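Let me begin by presenting the structure, written as structure tokens, before commenting on it.
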Amino acid sequence: MACPTQFICKALRSVGLVLFYYVFSIGITFYNKWLMKDFHFPLFMTLVHLVIIFCFSTLTRFAMQCWMGKPRVTLPWKVYLSKVAPTALATALDIGLSNWSFLFITISLYTMTKSSAVLFILFFSLVFKLEEPNPFLILVVLLITSGLFMFTLKSTQFNLEGFIMVLLASFIGGIRWTLTQVLMQKAELGLQNPIDTMYHLQPLMFLGLFPLFLLNEGLSVSTTEKLFRVSELSHLLYSLLTLSVGGMLAFGLGFSEFLLVSRTSSLTLSIAGIFKEVCTLLLAVEFMGDKMSTVNWLGFAVCLSGISLHIGLKTYYNKGNGPMVRQLPVRDNPDLELPLLQTKDDYCEDTNDEEEHEILY
């Protein structure tokens, strides 16, 4: 039997974690768009974020090691370069292109186009045999594709260059999350904990993105008055501060996703993601001056219907009605528990809890 107050505690905790996730997810989208208005170096900004995420991941690993009394996993160089490098490169390009697109497109178009990542994730999941073919997936693809077409067809603030960047980022994102799932499913690597995964990914992501930065922004950054040719120290400190805030938001986003999935389920994060998209569009229209016609909203609704159908199918098959997605062990692995979130109430939880804990796309 569950504890008397377990349901209320779990509900309040879930709501709190969802709101915590919203703060970072929606916050970094608007923050990066705001920053790109005056700071036109998205690749340099991404590199700074990677350094900050690595530093925070290192500190978090050290805290977890002190708390649990056992060392964290550290991969040998041969395994690190052969197994982690492809995932790191795909992740760096996905994030870099996404941030780069903010120079050209609105938040609403970015949000809508980025939703197409589900299509590419499905494709690569089938290629890597992480999902079983299912006839309903055709309907999912048609709904998302139709919604994206309707949204971009009548968009009054459409920018082809930015749209291609986000679409390419979504395509690479499909590779990224598929490789991430494969990486975290390899038990022998010991990277089931996302904090360890983030720690190992950041250095290779930095190295993978650095040549693209040098080619496109290297000279501009070295001569800009916002950084290396500042006339006043206050301007430099302001630039460093704004970049650091973005880096902390980026780390907070990954950390909040981990907390939400590990303490509730990936289904909760999936559903929360749908409402997050709606909130992002509403805020963009209200505060950023984005313009959306009736056809745009209808296209967005059609796209969300496809995503919702995909989530429903995953839930249905994960409940034992047939194989569709290979799941990852989460609660069965004590290394995934965060000590600061582990309370006495957790020991009262029903052992028959069947919440899904596969890697969320």
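In what follows, every heavy atom counts, from backbone to side chain, and hydrogens, waters and symmetry copies are set aside. Please read all numbers here as calculations on a predicted model, not as lab measurements.
The shortest heavy-atom contact between Lys33 and Ile105 is NZ-O, 2.6 Å. Shortest non-hydrogen contact noted between Thr87 and Thr91 is O-OG1, 2.7 Å. In this structure, Ile172 and Ala90 approach most closely via the heavy-atom pair CG2-O, 3.1 Å. The two residues Gly162 and Asn159 make their nearest non-hydrogen contact at N-OD1, 2.8 Å. Across all non-hydrogen atoms, the minimal contact from Ser98 to Ala169 is OG-CB, 3.5 Å. Looking at every heavy atom in both residues, Leu81 comes nearest to Pro86 through O-CD, 4.4 Å.
Counting heavy atoms from C-beta outward, Asp196 and Met64 have side chains that stay 4.5 Å or more apart. Residues Leu281 and Trp297 meet the side-chain proximity criterion, which asks for heavy atoms closer than 4.5 Å. Two residues are said to be in side-chain contact when any heavy atoms from C-beta on lie closer than 4.5 Å; Tyr21 and Leu253 meet this criterion. Counting only heavy atoms from C-beta outward, the side chains of Phe163 and Thr113 approach each other to under 4.5 Å. Under the 4.5 Å side-chain criterion, counting only non-hydrogen atoms from C-beta, Leu35 is in contact with Met45. Glu161 places none of its side-chain heavy atoms less than 4.5 Å from the side chain of Leu103. Between Phe30 and Thr280, some side-chain heavy-atom pair lies under the 4.5 Å cut-off. With contacts defined as side-chain heavy-atom distances shorter than 4.5 Å, the pair Leu19/Val23 does not qualify.
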Show me the donor-acceptor pairs, under 3.5 Å and distance only, between side chains in residues 205-219 and residues at least two apart or in other chains.
| from | atom 1 | to | atom 2 | distance (Å) |
| --- | --- | --- | --- | --- |
| Asn216 | ND2 | Leu212 | O | 2.9 |
| Glu217 | OE1 | Leu43 | N | 3.4 |
| Glu217 | OE1 | Phe44 | N | 3.0 |
| Glu217 | OE2 | Leu43 | N | 3.0 |

side-chain contact (heavy atoms from CB on, under 4.5 Å) for Leu93 and Ile175? Distances and angles first, verdict last.
CA-CA 11 Å; Leu93 291 176; Ile175 303 175; over 6 Å; no
Would you please test Leu47 and Val51 for side-chain contact (heavy atoms from CB on, under 4.5 Å) and show each step?
CA-CA 6 Å; Leu47 291 178; Val51 172; 5.8 Å; no
With side-chain contact (heavy atoms from CB on, under 4.5 Å) as the test, would you mind laying out the steps for Asp94 and Lys114 before giving the verdict?
CA-CA 10 Å; Asp94 179 15; Lys114 197 66 174 174; 2.5 Å; yes
Begin with the C-alpha distance, continue with both residues' side-chain angles, and end with the deciding distance and a verdict on side-chain contact (heavy atoms from CB on, under 4.5 Å) for His200 and Leu75.
CA-CA 8 Å; His200 283 85; Leu75 297 180; 3.8 Å; yes
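To the nearest 0.5 Å, atoms CG (Asn32) and OG1 (Thr46) are separated by 7.5 Å. Met165 CE to Leu97 CG: the interatomic distance, rounded to the nearest 0.5 Å, is 7.0 Å. Between Ser244 atom OG and Leu249 atom CG the span is 11.0 Å, to the nearest 0.5 Å. Once rounded to the nearest 0.5 Å, the distance linking CZ of Phe300 with OG of Ser305 reads 10.0 Å. A distance of 11.5 Å separates CD1 of Ile52 from OG of Ser57, quoted to the nearest 0.5 Å. Taken to the nearest 0.5 Å, the CZ atom of Phe251 stands 10.0 Å off from the OG atom of Ser256.
Ser25 places no side-chain N or O within donor-acceptor distance of the main-chain N or O of Tyr22, the cut-off being under 3.5 Å. At distances below 3.5 Å, at least one donor-acceptor pair connects side-chain atoms of Arg61 with backbone N or O atoms of Val73.
Neither Leu204 nor Phe54 shares a network with the other; the hydrophobic side chains, linked directly or stepwise wherever heavy atoms of I, L, V, M, F, W or Y lie under 4.5 Å apart, form separate groups for each. The same ILVMFWY cluster, assembled from side-chain heavy atoms under 4.5 Å apart, contains both Phe56 and Leu241. Using a 4.5 Å cut-off between side-chain heavy atoms of Ile, Leu, Val, Met, Phe, Trp and Tyr, with links allowed through other members, Tyr199 and Val48 fall into different hydrophobic clusters. Cluster membership for Phe255 and Leu59, using ILVMFWY side-chain heavy atoms within less than 4.5 angstrom, is not shared. Linking ILVMFWY side-chain heavy atoms closer than 4.5 Å, directly or via other members, places Leu282 and Val285 in a single hydrophobic cluster.
Of the candidates Tyr31, Tyr110, Phe41, Phe102 forms a ring pair (Phe, Tyr, Trp, His ring centres under 6.0 Å) with just one, namely Tyr110.
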